[in-house]
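Read the structure below first, then the notes.
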Protein chains: 2
Amino acid sequence: MTAAPASPDPDPEAPAAPELPAAAEAPAAPDPAPDPGTDPDRTALHAWRGLRTLLLERHDRRKEVADALGMSFNRVKALRRVAAEPLTLRALAEFLVVDAPYTTVIVDDLVRRGLADRTPHPDDRRCKVVRVTAAGRAAAREADRIMDTPPPALRTLAPRDLAALDRIVAELLG
Amino acid sequence: MTAAPASPDPDPEAPAAPELPAAAEAPAAPDPAPDPGTDPDRTALHAWRGLRTLLLERHDRRKEVADALGMSFNRVKALRRVAAEPLTLRALAEFLVVDAPYTTVIVDDLVRRGLADRTPHPDDRRCKVVRVTAAGRAAAREADRIMDTPPPALRTLAPRDLAALDRIVAELLG
DNA sequence: GTAGTTGGTTGTGCGGTCATAACTATTTTT
DNA sequence: AAAAATAGTTATGACCGCACAACCAACTAC
């Protein structure tokens, strides 16, 4: 754990950083989208920005899970895949969209952490099957737990709204 | 542009990679969430996973914008910030949550690309103000355009649903 | 006016991501 | 049986993100 290199720092006692005189211009970036209004495109933009803020800024589970497990998100992704089902290095490589050598590196890392092991393939002695260990399964479960934690506000949403959201999201996914 | 190291490869003529015999076990990870049902927590989980899929997998605008502009997403973030409003390196560092030396590196990069320049601060000769150039403003606009592009399905949603989604998202953001 | 603080730069280095090349051990093809 | 393909490993090395240390210039406070 390292100290934050730059905090939001709303300290009212701070010596006040030098501000720009703000040369009477356009009012600089209305980020939360101009106005929902009734125009569908405008509303879509507003909703889209809101969704991005919610998922990418407010609740960045990738970062959380990487921090919690002390490994990069890609390792977590590999671990979860392996925990879901033992697979060959080749299959893992395909899943992660990386080449074979790097897959070896990734699996080496998981093995070194005691989260996975390599076992011979029953039918093909060239292959190795990557399996999760008990510790790995626990870690993967923890990862799942974090990834699957919705924002608190989602769980306290009015049931009708929650149902509507779920239905709409399903529709958006086709 | 490099060739994809491993494609999804659903080629039916391929020699068929060695599959595991699938040792009659639990049915391996029901990822799209078990069932919406009527349980609020279950519905919340389902909706949350759907949102993550939509935002993080189907429409990863960060990757798109980085690819389109040929720079890392962090550079894009810096560029957009600078384009919104000229600011000092210190302020930019705070915004990006990186330390001062790395901020210098980032700004150097933007300057080298012709997207920004450094100008003296009117009131404090220690400071430098980073401003966007014309090319930088164009690049930032392009970045904005990509980031602000909702999934097509969102724009073709029934107006009632779109309005509902927008309202619910706003509520989730507090 | 000297001391301490702040803004910025340069240099160095660590860890992560990832590819290429080269090699071994198998399996498949002919 | 020889040739070709496939699974995996072992270098090696590139690039990126980013921090830390050390430093200078300018501003602030005593």
Side-chain angles (χ1 to χ4, degrees), chain A residues 1-6 9 11 13-20 62-63 66-67 69-78 87-94 96-113 116-130, chain B residues 1-6 9 11 13-20 62-63 66 70-78 87-112 116-130:
Chain A
M1 190 68 71
T2 62
D9 196 59
D11 183 354
E13 301 307 325
E19 309 246 332
L20 274 308
R62 295 191 178 192
K63 181 165 170 32
D67 287 351
L69 300 198
M71 59 177 95
S72 74
F73 179 71
N74 245 326
R75 300 294 149 94
V76 175
K77 193 173 168 188
L87 31 49
T88 64
L89 281 158
R90 182 198 192 305
L92 184 59
E94 217 164 273
L96 296 175
V97 196
V98 298
D99 65 1
Y102 189 49
T103 308
T104 293
V105 171
I106 291 171
V107 173
D108 280 351
D109 185 43
L110 293 181
V111 170
R112 194 162 30 73
R113 291 170 188 264
D117 58 11
R118 277 181 253 239
T119 62
H121 190 285
D123 300 347
D124 188 335
R125 301 209 327 261
R126 287 172 306 180
C127 296
K128 286 170 187 169
V129 176
V130 187
Chain B
M1 189 68 71
T2 63
D9 198 58
D11 183 354
E13 302 307 325
E19 309 247 333
L20 274 308
R62 295 191 177 193
K63 182 168 170 31
M71 59 177 94
S72 74
F73 179 71
N74 244 324
R75 300 294 150 95
V76 175
K77 193 172 168 191
L87 30 50
T88 63
L89 282 161
R90 183 203 192 305
L92 184 58
E94 216 164 276
F95 176 75
L96 296 175
V97 196
V98 298
D99 66 359
Y102 190 49
T103 308
T104 293
V105 172
I106 291 171
V107 172
D108 279 351
D109 185 45
L110 293 181
V111 170
R112 195 160 29 72
D117 57 12
R118 278 180 250 241
T119 62
H121 189 287
D123 300 348
D124 188 335
R125 299 209 327 261
R126 288 172 306 179
C127 296
K128 285 169 188 171
V129 177
V130 187

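Proteins come first, then strands; the chains are lettered A, B, ... in the order of their sequence lines, and each starts at number 1. Keep in mind the model is a prediction, meaning the values are calculated, not measured.
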What do the steps show when you test A:Asn74 against A:Ile106 for side-chain contact (heavy atoms from CB on, under 4.5 Å), and what is the final call? CA-CA 9 Å; A:Asn74 245 326; A:Ile106 291 171; 5.7 Å; no
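- Here C:dG8 presents its P atom at 10 Å from CG of B:Leu87, a figure rounded to the nearest Å.
- To the nearest 0.5 angstrom, B:Arg126 atom CZ is 13.0 Å from B:Leu89 atom CG.
- With D:dT10, C:dC18, C:dG8 as the choices, the nucleotide that has an atom nearest any side-chain atom of A:Asp108 turns out to be D:dT10.
- The pair B:Asp108-B:Arg112 does not meet the salt-bridge criterion, since no charged nitrogen lies less than 4.0 angstrom from a carboxylate oxygen.
- Taking atom NZ of residue A:Lys63 and atom C1' of nucleotide D:dG17, one finds them 13 Å apart after rounding to whole Å.
- In this structure, of C:dC18, C:dT9, D:dT9, it is D:dT9 that holds the atom nearest to the side chain of A:Thr104.
- Residues satisfying the side chain to side chain donor-acceptor pair (under 3.5 Å) criterion with B:Arg125, sequence neighbours excluded, are absent altogether.
- A distance of 14.0 Å separates CG in B:Leu92 from NZ in B:Lys128, rounded to the nearest 0.5 Å.
- Residue B:Asp109 contributes atom CG, which lies 17 Å from atom C1' of C:dT10 at whole-angstrom precision.
- Residues passing the salt bridge (Lys or Arg N to Asp or Glu O under 4.0 Å) test with B:Arg62, sequence neighbours excluded: none.
- Comparing D:dG17, C:dT9, C:dC18 by their closest approach to the side chain of B:Arg118 singles out C:dT9.
- Straight-line distance from the CG atom of A:Asn74 to the P atom of D:dC16: 18 Å, rounded to whole Å.
- Summarising the geometry, the separation between CG on A:Leu110 and C1' on D:dT9 is reported as 16 Å, rounded to the nearest angstrom.
- Side-chain N/O atoms of B:Arg75 include one lying less than 4.0 angstrom from OP1 or OP2 on D:dG17.
- Counting heavy atoms from C-beta on, the side chains of A:His121 and A:Asp123 come closer than 4.5 Å.
- In this entry the distance linking CG of B:Leu89 with C1' of C:dG7 reads 8 Å, nearest Å.
- At whole-Å resolution of the value, CD1 in B:Ile106 and P in C:dG7 are 17 Å apart.
- The distance from atom CG of B:Asp99 to atom C1' of D:dA21 is 11 Å, rounded to the nearest whole Å.
- For C:dT17, the OP1/OP2 oxygens have a side-chain nitrogen or oxygen of A:Ser72 closer than 4.0 Å.
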All N/O contacts under 3.5 Å from nucleotides 22-28 of chain C to the protein, with atom names and distances to one decimal?
residue : atom : partner  : partner atom : Å
C:dT27  : OP1  : A:Arg125 : N            : 2.8

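- For C:dT17, one of the phosphate oxygens OP1 or OP2 lies less than 4.0 angstrom from a side-chain nitrogen or oxygen of A:Tyr102.
- Taking only side-chain atoms of B:Arg90, from C-beta outward, the nucleotide of D:dT9, C:dT6, C:dT9 with the closest atom is C:dT6.
- Nearer the 5' end of DNA chain C, as judged by each residue's closest nucleotide, is the contact made by B:Thr103, out of A:Val105 and B:Thr103.
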